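Everything on this sheet refers to the single structure shown next.
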Amino acid sequence: MSVEGKVGIITGGSKGMGRHFVTTLIAAGAKIACFARPSPESDSLARELGDDVLVIPCDVRDMDQVDAAVARTVEHFDKLDFLVNNAAIFHPFRLEDARPEQIEQHVGINLLGPIWCIRAAIPHLRATKGTIVSVSSESVRMPYPYLSVYAATKGGLETLTAAMREELRDAGIRSTILRSGSVAGGSGAADWDPEVGQAFLATIQRTGHVAFSGAAAQPQSMAQALANVLSLPADVNVDLIEVRATLSAGA
């Protein structure tokens, strides 16, 4: 089995690990609609990958934008075989210090976004007996201080994804949680408050979370894990796959 000839949606696919998801799956023969907010990275993705990628400006927090983007994907590529809920935000903050907009942004992008995307994709995935993959985090298993809201949204995403496995099982739609460990090359920290970020890093060093995570894995390796999940025969479902670094921190 392979992803050759399949059509997928990847949210947050213009940068970081999501971009590696897009390039890896296109190299394996898939065609991808990338949902992302307008940026130079989105523009360059379209230039680099040509007709194999359809970059659609979309804020996944907005139901109407998501519905329109899914409809445009199917109109352009004629079908939909898989959805990868990858778009996420993680900014460190202590809950007692959090601004309301920080909490709303995390819940909106990390949890409400996948809900809207899954809801819009289901009718099209019924036609292809397709697959939903939701990208979660090792912080569900060992919640990090300063990332409490982030971990809570990812825990909710895992529950949603597991429920979809049962809710959509008779339709032949598979639903998988890809629980990711630390991955190198991300750009999320660029928007962190420097002082809070420094406190976060010092805290997780002291609490042992750095040792738990180990060395950051390469994003290409995580993308290969995703490709492997999507390439499995249709009669098996991966409920949860946790992919984490082999080496310890500092190795």
Side-chain angles (χ1 to χ4, degrees), residues 1-3 6-28 30 32-36 60 80-90 106 109-111 113-115 117-118 121-122 125 130-144 147 150-169 173-186 188 212-214 216-234 236-246:
M1 301 294 293
S2 73
V3 297
K6 292 186 176 181
V7 172
I9 291 169
I10 298 178
T11 66
S14 63
K15 61 181 71 173
M17 191 166 70
R19 192 180 185 101
H20 288 279
F21 287 166
V22 172
T23 56
T24 295
L25 293 174
I26 285 178
I32 302 295
C34 169
F35 293 3
V60 296
L80 179 63
D81 295 292
F82 61 86
L83 163 68
V84 179
N85 289 307
N86 168 72
I89 183 174
F90 67 105
H106 278 71
I109 295 174
N110 298 359
L111 184 55
I115 290 173
C117 288
I118 292 171
I122 286 172
L125 295 174
T131 304
I132 300 163
V133 179
S134 296
V135 180
S136 184
S137 164
E138 65 183 3
S139 64
V140 173
R141 185 148 69 95
M142 188 175 181
Y144 282 55
L147 293 180
Y150 171 76
T153 61
K154 289 300 187 180
L157 178 60
E158 289 200 4
T159 300
L160 172 71
T161 305
M164 287 299 99
R165 165 160 161 64
E166 300 307 321
E167 191 167 307
L168 301 173
R169 194 171 189 173
I173 299 174
R174 299 183 290 178
S175 185
T176 294
I177 299 158
L178 172 56
R179 186 186 288 166
S180 170
S182 177
V183 177
F212 167 76
S213 290
Q218 293 302 307
Q220 296 90 338
S221 301
M222 197 65 66
Q224 187 58 58
L226 173 64
N228 290 344
V229 168
L230 291 171
S231 298
L232 287 171
V236 291
N237 187 90
V238 178
D239 294 352
L240 183 151
I241 177 171
E242 185 169 13
V243 186
R244 301 175 63 238
T246 300

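Everything quoted here is computed from the prediction, not taken from an experiment.
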If you round to the nearest 0.5 Å, how far is [atom2] of [Y] from [atom1] of [X]?
X: I109; Y: F90; atom1: CD1; atom2: CZ; value: 12.5 Å
X: R179; Y: R141; atom1: CZ; atom2: CZ; value: 6.5 Å
X: E158; Y: L111; atom1: CD; atom2: CG; value: 11.5 Å
X: I10; Y: M17; atom1: CD1; atom2: CE; value: 10.5 Å
X: L125; Y: L80; atom1: CG; atom2: CG; value: 4.5 Å
X: L160; Y: S136; atom1: CG; atom2: OG; value: 11.5 Å

Check whether [X] reaches the backbone of [Y] with its side chain - one donor and one acceptor, N or O, closer than 3.5 Å.
X: T11; Y: A87; value: yes
X: S175; Y: T161; value: yes
X: D81; Y: G130; value: no
X: R165; Y: V238; value: no
X: R174; Y: V236; value: yes
X: N85; Y: V135; value: no

| message | Can you see whether Q220 engages T24 through a side-chain donor-acceptor pair at a distance of less than 3.5 angstrom? | response | no

Exercise: identify the closest heavy-atom pair between [X] and [Y]:
X: N86; Y: G18; value: ND2-CA, 3.4 Å
X: S14; Y: A36; value: OG-CB, 3.7 Å
X: Y150; Y: S139; value: CE2-OG, 3.4 Å
X: G13; Y: V22; value: O-CG2, 3.6 Å
X: V3; Y: A28; value: CG2-CB, 3.5 Å
X: P143; Y: A151; value: CB-CB, 4.2 Å

| task | Go through S213 and S182 one step at a time and tell me if the side chain to side chain donor-acceptor pair (under 3.5 Å) criterion holds. | result | CA-CA 6 Å; S213 290; S182 177; 5.6 Å; no

Would you say the side chain of [Y] lies within less than 4.5 Å of the side chain of [X], judging by non-hydrogen atoms?
X: I177; Y: D239; answer: no
X: I118; Y: M164; answer: yes
X: I173; Y: I132; answer: yes
X: T176; Y: S134; answer: no
X: F82; Y: L25; answer: yes
X: F35; Y: I9; answer: yes
X: I89; Y: N110; answer: yes

| field | Worked verdict on V243 versus S180 for side chain to side chain contact (heavy atoms under 4.5 Å, CB included) | value | CA-CA 5 Å; V243 186; S180 170; over 6 Å; no

| query | Run the side chain to side chain contact (heavy atoms under 4.5 Å, CB included) check on I241 and V229 step by step: do they pass? | reply | CA-CA 9 Å; I241 177 171; V229 168; 4.0 Å; yes

| What's the verdict on side chain to side chain contact (heavy atoms under 4.5 Å, CB included) for M222 and H20, showing C-alpha distance, side-chain angles and the deciding distance? | CA-CA 8 Å; M222 197 65 66; H20 288 279; over 6 Å; no

